[in-house]
Amino acid sequence: MKKETVYPEWVQEQRVKGTTVKKVGNTYYLYKRTSKRIPGKKYPQSVDKYIGIITPDGVIERKKQMLATTSIRVKEYGFSKAVWESCPDDWKKAVGVGWEDKLACMIMKSSPESYLCVDRDIRSEEELCFSVSSQEGMLSRRFFKKYGIDLSRLESLKNIYLVYIEDKAFVSEISEEQMELLKQISVSLEYK
């Protein structure tokens, strides 16, 4: 004999034909119930589709937020931010005026999808009249001198992204190995 569950009156009011209620803890959930024939089964099988939470004031329906993919952008963040933030002062001094433009150009050449291109107009190597490869060599040596690690190790940070959704930005997941590398060069990837 099947036992019928007795719900409070305010829950029963929401339980109309074609719906079912499930209680989890002290919360009541409303589902649309249909059935479906499955080959090999003797009876039709129940199919429940979530509608919302039942409260004394009524049903709070689940709201699906539709978001156009044109409002989502993903940019490389980890490598670019790490190189930018940890760039040794003696390299900046040696390069002199315009080091920011040259560093941005070097980063963009290594990581074309960098977040740096979002807020900045990146000038080319030719416009800046310098050689990226020779500056990368000098930067790598100064980087090793300051941090004791090769600049190429930062390549592993290229799969940390900045995800823009409409007017908000989020940093993607960071592995423990990447976190250790960031600590070693004293860089935080918090986005403001």
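Position 1 is the first residue of the sequence; numbering continues from there. Keep in mind that this is a model prediction, so the values were computed, not measured.
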[Y] backbone acceptor or donor facing [X] side chain under 3.5 Å:
X: Y7; Y: V21; value: yes
X: E125; Y: C105; value: no
X: S114; Y: S111; value: no
X: Y147; Y: S86; value: yes
X: E166; Y: K168; value: no

Return the set of residues passing side-chain contact (heavy atoms from CB on, under 4.5 Å) with [X] (not counting sequence neighbours), or none when no residue passes.
X: S124; value: E126, E127
X: K42; value: none
X: K92; value: C87, D89, W99
X: I60; value: T55

For [X] versus [Y], what's the shortest heavy-atom pair and its separation?
X: C117; Y: I122; result: CA-CG1, 4.3 Å
X: L189; Y: G78; result: CD1-CA, 4.0 Å
X: E190; Y: Y77; result: O-OH, 3.3 Å
X: F79; Y: L154; result: CD1-O, 3.3 Å
X: F170; Y: I165; result: CE1-CD1, 4.2 Å

Partners passing side chain to side chain donor-acceptor pair (under 3.5 Å) against K158 (at least two apart in sequence or in another chain): S110, E155
Residues in side chain to side chain donor-acceptor pair (under 3.5 Å) contact with R33, at least two apart in sequence or another chain: D48
K22 NZ/CZ over Y31 ring centroid, <6.0 Å and within 45° of normal: yes
Identified side-chain contact (heavy atoms from CB on, under 4.5 Å) counterpart of L103 within the set L116, L139, V95: L139
Side-chain contact, heavy-atom cut-off 4.5 Å: [X] with [Y]?
X: V83; Y: F143; result: no
X: E180; Y: K183; result: yes
X: Q135; Y: W91; result: yes

Within 6.0 angstrom of Q45 CD, more than 12 heavy atoms from elsewhere: yes
